[in-house]
Amino acid sequence: DAHGTPLADGDAVIVVKDLKVKGASSVLKKGSKIKGIRLVDGADGHNVDCKTDLGSMLLKSEFLKKA
């Protein structure tokens with residue numbers, strides 16, 4: 001995560017920075033809690049697969065912290 005804590009499948013995380021969602025006009029707000037993440041080997045460093053209230057997406061672990 002953003003602070004160096006290792007993440008595992010099923011962890012809950014919190015977004016540490018407002019993130020613009022590519023292809024949408026919405027923003028994933030700082031402080032949003034995401035439950036049940038899945039670690040993947042995604043393209044461009046996107047290594048966390050999760051479902052948010054904005055839909056399913058891939059995120060970079062550097063913008064997340066373990067809850």
Could you state the interatomic distance from CZ (F63) to NZ (K30), rounded to the nearest 0.5 Å? 13.0 Å
With side-chain contact (heavy atoms from CB on, under 4.5 Å) as the criterion, how do S56 and D49 come out once you've worked through the C-alpha distance, each side chain's angles and the decisive distance to 0.1 Å? CA-CA 7 Å; S56 184; D49 185 19; 3.9 Å; yes
Roughly how far apart are L54 CG and K29 NZ, rounded to 0.5 Å? 10.5 Å
Could you grab the distance from atom CG of D18 to atom CG of L28, nearest 0.5 Å is fine? 8.0 Å
Identify the heavy atoms of D11 and P6 that sit nearest to each other, and give their distance. OD2-O, 4.4 Å
Over all atoms of both residues, closest heavy-atom pair of K33 and A12: CE-CB, 4.0 Å
Side-chain contact test, heavy atoms from C-beta onward, threshold under 4.5 Å: evaluate it for S32 versus I14 and give yes or no. no
Taking atom NZ of K35 as the centre, does the number of heavy atoms from other residues, nucleotides or ligands within less than 6.0 Å exceed 12? no
Out of curiosity, does V16 fall in the hydrophobic cluster containing M57 (side-chain heavy atoms, cut-off under 4.5 Å, transitive links)? no
Straight-line distance of K66 NZ to H3 NE2, nearest 0.5 Å: 13.0 Å
Output the distance between atom CD1 (I34) and atom CG (L59), rounded to the nearest 0.5 Å. 5.5 Å
What's the separation between atom CG in N47 and atom CD in E62, rounded to the nearest 0.5 Å? 8.5 Å
Please confirm whether the backbone N or O of R38 pairs with a side-chain atom of D9, one donor and one acceptor, at under 3.5 Å? no
Test side-chain contact (heavy atoms from CB on, under 4.5 Å) applied to V13 and V48, I37, D1, the passing residue: I37
